Amino acid sequence: MAVINLLEIPRDNSGHVLQLLTMLASDDDLQAFGAAFGQLQPGIRADLMALIAHHEADEWLADERSFGRLRLAQN
């Protein structure tokens, strides 16, 4: 599963991957991300949420083009 790989790579690299997702994905893509997110095991979901929060806090996802786009997909 790709999310496991994302969680295992260095944080800086994972932030870059997540930023590319937010910048290149359509709204439909982000909805699909949210649907897939909802299917994750609770521990993996929590780890991914923590990773996204880390990168939104003055990291790769902090800029206005990326901030909140994945959080919205989680709802």
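Since we're looking at a predicted model, the values are computed, not measured. Because only heavy atoms are used, hydrogens play no part in the values below, and waters and symmetry mates are left out as well, while side chains stay in.
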Can Leu6 and Leu18 be said to form a side-chain contact (heavy atoms from CB on, under 4.5 Å), step by step?
CA-CA 9 Å; Leu6 182 66; Leu18 291 170; 3.8 Å; yes
Salt bridge (Lys or Arg N to Asp or Glu O under 4.0 Å) evaluation trace for Asp27 with Arg69
CA-CA 9 Å; Asp27 290 339; Arg69 291 200 74 201; 3.4 Å; yes
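No chain of hydrophobic side-chain contacts below 4.5 Å, direct or via other Ile, Leu, Val, Met, Phe, Trp or Tyr residues, connects Phe67 to Leu21.
Residues Trp60 and Asp12 form a side-chain contact, since some pair of their non-hydrogen atoms from C-beta on lies under 4.5 Å apart. At least one side-chain heavy atom of Ser14 sits less than 4.5 Å from a side-chain heavy atom of Leu51. A heavy-atom distance below 4.5 Å is found between the side chains of Leu61 and Gln19. Using a 4.5 Å heavy-atom cutoff, the side chains of Phe37 and Leu48 are in contact. At a threshold of 4.5 Å between non-hydrogen side-chain atoms, the residues Met49 and Leu70 do not count as touching.
Taking CD from Glu56 and CG from Asp63, the interatomic distance works out to 11.0 Å, rounded to the nearest 0.5 Å. Rounding to the nearest 0.5 Å places CG of Leu24 at 9.5 Å from CG of Asp29. Expressed to the nearest 0.5 Å, how far CD1 of Ile52 lies from CD of Glu59 amounts to 13.5 Å.
When each of Ile4, Val3, Leu40, Leu7 is checked for a side-chain contact (heavy atoms from CB on, under 4.5 Å) with Asp47, only Leu7 meets the rule.
For the residue pair Met23 and Ser66, the shortest heavy atom distance occurs at CG-OG, 3.8 Å.
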